[in-house]
Amino acid sequence: MRKPDGRNQDSGFDYHRYHRLLTEADDEDKRLALIELLIEEKARDRLAAQRASDRAAMTAHTIATVLRNGRN
């Protein structure tokens, strides 16, 4: 199964790109590839959000540790 071309890993939701890919999805393989791409990109966005949340939690923990040690 071919992947749709025009993939850009660094962009967010790109209406024009998805519209173009949908227009080009004129057979079953291309439609399935587009669905797979949408799922993949959503998963990537969720992973990025989780990593950002984890970084924020680690930063808060580090700050709390530093402040706690500063009081002793």
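The figures that follow rest on heavy atoms only: side chains count, while hydrogens, waters and symmetry mates do not.
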Can you give the donor-acceptor pairs under 3.5 Å from side chains of residues 54-67 to other protein atoms, not counting sequence neighbours?
{"unit_1": "Asp54", "atom_1": "OD1", "unit_2": "Gln50", "atom_2": "NE2", "d": "2.8"}
{"unit_1": "Thr59", "atom_1": "OG1", "unit_2": "Arg55", "atom_2": "O", "d": "2.9"}
{"unit_1": "Thr62", "atom_1": "OG1", "unit_2": "Met58", "atom_2": "O", "d": "2.9"}
{"unit_1": "Thr65", "atom_1": "OG1", "unit_2": "His61", "atom_2": "O", "d": "2.9"}

What distance do [X] atom [atom1] and [Y] atom [atom2] have between them, rounded to the nearest 0.5 Å?
| X | Y | atom1 | atom2 | value |
| --- | --- | --- | --- | --- |
| Lys42 | Leu37 | NZ | CG | 13.5 Å |
| Asp14 | Arg20 | CG | CZ | 8.5 Å |
| Leu38 | Leu22 | CG | CG | 9.0 Å |

Partner set under ring-ring contact (aromatic ring centres under 6.0 Å, His included) for His19, not counting sequence neighbours
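Here the qualifying residues are Tyr15.
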For a 4.5 angstrom cut-off between non-hydrogen side-chain atoms, does Leu47 reach Arg51?
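The answer is yes; the side chains approach within 4.5 Å.
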Hydrophobic cluster of Ile39, others only, ordered by chain and residue number, side-chain cut-off 4.5 Å
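Hydrophobic cluster check, Ile39: joined to Ile35.
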Under the side chain to side chain contact (heavy atoms under 4.5 Å, CB included) test, which residues partner Asp26, sequence neighbours left out?
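Here the qualifying residues are Lys30.
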